[in-house]
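Structure record follows, encoded as structure tokens.
Chain naming here is simple, since letters A, B, ... match the order of the sequence lines and numbering starts at 1 in each. The figures here come from the full heavy-atom set of this structure, side chains too, leaving out hydrogens, waters and symmetry mates. If you're wondering where the values come from, they're calculated on a predicted model, not measured in any experiment.
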Amino acid sequence: SQTIHQWPATLVQPVGSPLSLECTVEGTSNPNLYWYRQAAGRGLQLLFYSVGIGQISSEVPQNLSASRPQDRQFILSSKKLLLSDSGFYLCAWYAGANVLTFGAGSRLTVL
Amino acid sequence: GENVEQHPSTLSVQEGDSAVIKCTYSDSASNYFPWYKQELGKGPQLIIDIRSNVGEKKDQRIAVTLNKTAKHFSLHITETQPEDSAVYFCAASIMGRRALTFGSGTRLQVQP
């Protein structure tokens, strides 16, 4: 079956520390993968998307970066976190027929 | 690019009443309009979607209507139940482009 995994589920980090959030999908090959951010009480903002290994497109300039080292792995990173990076980060992929499917999310709090 | 606006931001209804959430979009080329439900601490889940070749779609207590001329679409929930309480997001995209643009969300509270 097709599933999507995200970890860690929650993370509390100090300002200036690095970040690595990981997303993997199972049961498919060559998926389009996405990272969205949801700030408290706000909508879903597309951060990055990838159509294949090593192919990353950024939607908004920011303190974050993304990488896709393997076909079914998508990583969101930062070298130095800012307070404004706090939020709920969601990985997503297209399970088919234009249906965007989300992972369970990773809640990041930067103190 | 596409811009999606969603109203209201919060909505409180009594159990059994109907709830309506409205969205407008800016790109007339958009042809796919999904709705997602997000429960607390979880990722959004697709509950219903509509394509531009139809004006209305229904699935049990949930229905979505689309007016392409006015560029707006709405989610209708009838006979609301406490388990309908969640945040609902509308979105729009051009099929094939595959990047959804989301509205800002509506927090629905169904009072028992």
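- Residues Gln38(A) and Phe102(B) have side chains not in contact (no heavy-atom distance under 4.5 Å, counting atoms from C-beta outward).
- Hydrophobic clustering of Ile, Leu, Val, Met, Phe, Trp and Tyr side chains at less than 4.5 Å, counting indirect connections, unites Val15(A) with Leu108(A).
- Residue with the most contacts toward chain A among Pro44(B), Gly103(B), Gly43(B): Pro44(B) (heavy-atom pairs, distance under 4.5 Å).
- Heavy-atom neighbours of Phe102(A) CZ from other residues, nucleotides or ligands within 6.0 Å: above the threshold of 12.
- Atom-to-atom distance recorded for Tyr36(A):OH and Phe89(B):CZ is 11.5 Å, nearest 0.5 angstrom.
- Annotation: the span from Leu46(B) atom CG to Thr101(A) atom OG1 amounts to 7.5 Å, rounded to 0.5 Å.
- For NZ of Lys22(B), the number of neighbouring non-hydrogen atoms (other residues, nucleotides, ligands) closer than 6.0 Å is 12 at most.
- No single ILVMFWY cluster, assembled from side-chain heavy atoms under 4.5 Å apart, contains both Val99(A) and Val54(B).
- Around CG of Leu40(B), the count of heavy atoms belonging to other residues, nucleotides or ligands within 6.0 Å does not exceed 12.
- Rounded to the nearest 0.5 Å, atoms CD (Gln45(A)) and OG1 (Thr101(B)) are 11.0 Å apart.
- Looking only at side-chain heavy atoms (C-beta outward), Leu44(A) and Tyr36(B) stay at 4.5 Å or farther from each other.
- Between Phe88(A) and Gln38(B), the shortest heavy-atom contact is CE2-NE2, 3.5 Å.
- Tyr32(B) and Tyr94(A) fall within a single hydrophobic cluster, where Ile, Leu, Val, Met, Phe, Trp and Tyr are joined by side-chain heavy atoms under 4.5 Å apart, directly or via other members.
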